[in-house]
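Just so you know, these numbers use all the heavy atoms, side chains as well, and skip hydrogens, waters and symmetry mates.
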Amino acid sequence: MADPAPEFDGRIRADFPPGVFGMMAVLVTATIIGILYFAREVFIPITLAVLLSFLLAPAVRWLRRLRVGRISAVLFTVVIACMAIAAFAAVIVGEVSSLAQQLPEYQYNLDTKIRSFPGMVPGGGIFRRATKTLRELGKELSKAETQSAAEGTPSATGASEPPPAKPVPVQVIEPEPGPLQIVQTIVGPLLQPMAAGGLVIVFVIMILLEREDLRDRLLRLAGRRDLHRTTEAMNDAAQRISRYLTSQLVVNISCGLPIGLGLTLIGIPNAALWGILVVLLRFIPYLGIIIAAAFPLALAIAVAPDWMLLVWTALLFAAIELVVANLVEPLVYGGRTGLSSVALIAAATFWTWLWGPIGLLLSTPMTVCLVVLGRHVPQLQFLSVMLGTEPVLTPVETFYQRILANDPEEATEQAEEFAKKSSLTEFFDEVAIPALARAQTDSNRGVLPLDDRTTFHGAIASMVENLLEDEDSAAAPEHATGPKPESLSGIVCVAGRNELDEAAALLLVNVLRLERHFDIGAPLPADALSADTAYFPLFRNASVVCLSLISTSSPARARFLVRRIRRRAPGAQILVGFWGAPAREVAAEEMARAISVQAVAFSLREAVTAISSMLSMERAAANVT
């Protein structure tokens with residue numbers, strides 16, 4: 001019995017150096033690009049056929065559900081599609097022929113506008129004077145050359161040489177072309193595109209007829225051990241491409257039809273041609289509508305003796321494109337292709353260089369396939385990261401990077417976008433506090449030095465100040481980054497050990513301020529718990545002291561800091577915030593008893609609730625006494 005065929009399960013051996021793997025990846029990529037370039041005459045018809053099969057497959061499935069045979073359904077769909085394409089081509093040929101016959105009639109309008117253009121441009125008098133000067137200079141040069149030729153050059157004997165004999169004109173008369181030469185001249189240039197079109201039609205028919213068999217063969221090549229991932233990748237690619245082609249065709253028709261009608265109403269000749277060009281060229285991302293608009297705009301200059309037709313044509317294209325882009329596309333596109341805007345432009349440039357104008361039309365579907373490969377093949381994940389639209393960083397990672405880069409403005413924008421869906425308090429809890437915890441982890445590993453921790457704290461302070469700039473002065477009477485207050489309310493927030501703890505305390509202070517019923521001063525730095533007596537008066541009238549700790553979650557270290565607070569504020573209730581704690585191995589009540597404090601919080605929201613409860617209990621006790 002023969003051995004079974006080897007399985008291609010996508011696994012790559014990793015027992016060779018990374019540099020060798022990188023060189024192999026570059027060589028493989030260059031080889032693939034070279035094959036695609038030199039064998040484009042083969043790959044382009046196949047690619048067009050595959051994409052057309054994606055576009056026609058829903059119609060074939062619909063006919064199959066109506067109990068139509070497979071061969072009949074495929075042939076009927078392909079014939080209808082070919083008839084539609086032929087009708088479009090016939091309209092284009094007829095309109096182009098009509099336009100070619102009408103162009104000589106517009107020469108007078110073009111000459112008139114060219115002569116009037118310098119007067120319409122600021123400084124047109126300068127252009128006229130310069131043109132006149134150059135024209136006069138040319139006349140003088142021509143006159144000088146004529147005089148020199150008339151005078152002649154004296155010979156060595158003093159007599160003038162006789163004028164040279166006039167050349168005998170020779171006329172080459174070509175023989176009348178024969179019937180075969182006429183056929184070759186007309187049909188020869190059409191043979192290659194006709195052959196390519198025939199190949200595309202044959203491939204489309206075969207792909208639609210053998211769709212299930214081709215799918216099974218691709219699954220076999222990918223390997224039987226991972227059928228789930230391969231099937232998911234194929235379905236994802238088919239759905240994305242089919243959805244893109246169908247949706248884009250609907251959007252293009254909804255754009256080309258009103259443009260064609262509008263051009264007819266304002267008097268642009270061959271409006272049907274320009275509407276069809278809009279439908280076809282709009283498959284080219286971003287640049288297609290500009291290319292399609294260039295032809296009617298140029299024709300508007302030639303048709304009318306004034307400039308108003310050009311203005312109306314430009315306004316028509318701009319208005320319809322705005323409506324389609326902002327109203328029609330969001331309704332038609334149930335899902336995006338998953339490509340970023342930069343990826344679309346880069347892909348269009350690459351495929352145009354590789355396959356010419358056909359590559360420009362195929363750029364988006366081909367790049368969609370690459371993104372799907374990146375989503376489902378781990379070794380090609382970089383394609384999905386580089387070309388896709390899905391966020392590659394979590395909100396916490398994005399915020400951490402922006403704060404590390406000392407860019408509080410972008411961090412403020414992220415917070416504002418987050419607050420549109422929830423609130424700033426949730427942003428501080430779900431994004432800012434985890435980012436501070438990550439910074440503390442990097443500090444513990446030695447990759448975040450003291451200077452960076454200080455920069456981190458300053459960026460957090462600037463972001464909070466930006467967020468609270470538009471708040472009501474009664475709700476935020478003083479920014480958290482202001483000077484130390486001379487008199488405090490009953491709440492004092494103090495950092496435990498370092499600048500990151502102080503940044504977390506700053507977030508807590510501003511969350512309390514956002515609640516609009518707390519009037520609290522700026523947070524105190526970690527130095528406030530040292531032997532320096534300058535901060536002692538700030539604890540004197542405190543009823544609640546909040547200890548901010550993101551640098552540690554150890555109860556023993558927290559108990560040591562709590563003792564210092566007790567010495568400075570013996571009558572105050574104490575809340576310890578273990579921000580960004582990895583896991584709550586014990587309940588908050590048990591942790592509070594372990595370190596001898598009134599409350600423990602693991603989030604800013606919990607801290608606000610606990611502080612409100614402690615203040616309510618204090619007021620109730622004061623009323624009883």
Side-chain angles (χ1 to χ4, degrees), residues 2-51 54 203 207 214-238 240-241 337-356 358-394 397 401 447:
D3 294 334
E7 295 285 346
F8 298 97
D9 56 0
R11 292 178 296 179
I12 297 179
R13 295 180 60 188
D15 54 353
F16 45 81
V20 176
F21 177 76
M23 292 178 60
M24 290 178 60
V26 172
L27 291 176
V28 169
T29 303
T31 303
I32 293 174
I33 293 176
I35 292 174
L36 290 175
Y37 179 77
F38 290 106
R40 57 186 179 274
E41 301 297 336
V42 176
F43 284 111
I44 288 177
I46 296 177
T47 305
L48 285 172
V50 171
L51 295 179
F54 280 131
F203 276 126
I207 290 173
L214 292 175
R215 180 196 60 196
D216 295 342
R217 294 180 183 277
L218 288 176
L219 290 173
R220 178 66 179 83
L221 286 176
R224 298 172 182 171
R225 299 178 182 177
D226 205 358
L227 288 178
H228 172 72
R229 176 181 294 179
T230 307
T231 303
E232 185 179 358
M234 293 176 62
N235 291 338
D236 190 8
R240 284 173 182 258
I241 295 175
T337 58
L339 298 179
S340 66
S341 301
V342 177
L344 285 174
I345 299 298
T349 305
F350 172 77
W351 289 107
T352 303
W353 167 77
L354 197 65
W355 284 353
I358 297 296
L360 185 60
L361 291 175
L362 300 178
S363 61
T364 300
M366 297 292 290
T367 312
V368 168
C369 295
L370 294 179
V371 171
V372 171
L373 284 176
R375 285 167 54 90
H376 298 281
V377 180
Q379 291 79 14
L380 301 177
Q381 188 178 8
F382 70 95
L383 293 174
S384 179
V385 173
M386 294 177 60
L387 304 176
T389 56
E390 296 181 358
V392 294
L393 297 178
T394 65
E397 293 171 339
Q401 186 275 330
V447 297

Where is the tightest heavy-atom contact between [X] and [Y], given as atom of each residue plus distance?
X	Y	answer
Phe203	Ala49	CB-CB, 3.3 Å
Ser363	Trp351	CA-CD1, 3.7 Å
Ala348	Thr352	O-OG1, 2.5 Å

Kindly compute the distance separating CZ (Phe43) from CG (Leu354), expressed to the nearest 0.5 Å.
10.0 Å
So, taking the atom named CG in Leu36 and the one named CZ in Phe350, what distance separates them when rounded to the nearest 0.5 Å?
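The CZ atom of Phe350 is 7.0 Å from CG of Leu36, to the nearest 0.5 Å.
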Which atom pairs, donor and acceptor, lie under 3.5 Å between side-chain atoms of residues 23-35 and protein residues at least two apart or in another chain?
from, atom 1, to, atom 2, distance (Å)
Thr29, OG1, Ala25, O, 2.8
Thr31, OG1, Leu27, O, 2.7

Partners meeting side-chain contact (heavy atoms from CB on, under 4.5 Å) with Glu397 (sequence neighbours left out):
Leu393, Thr394, Arg438
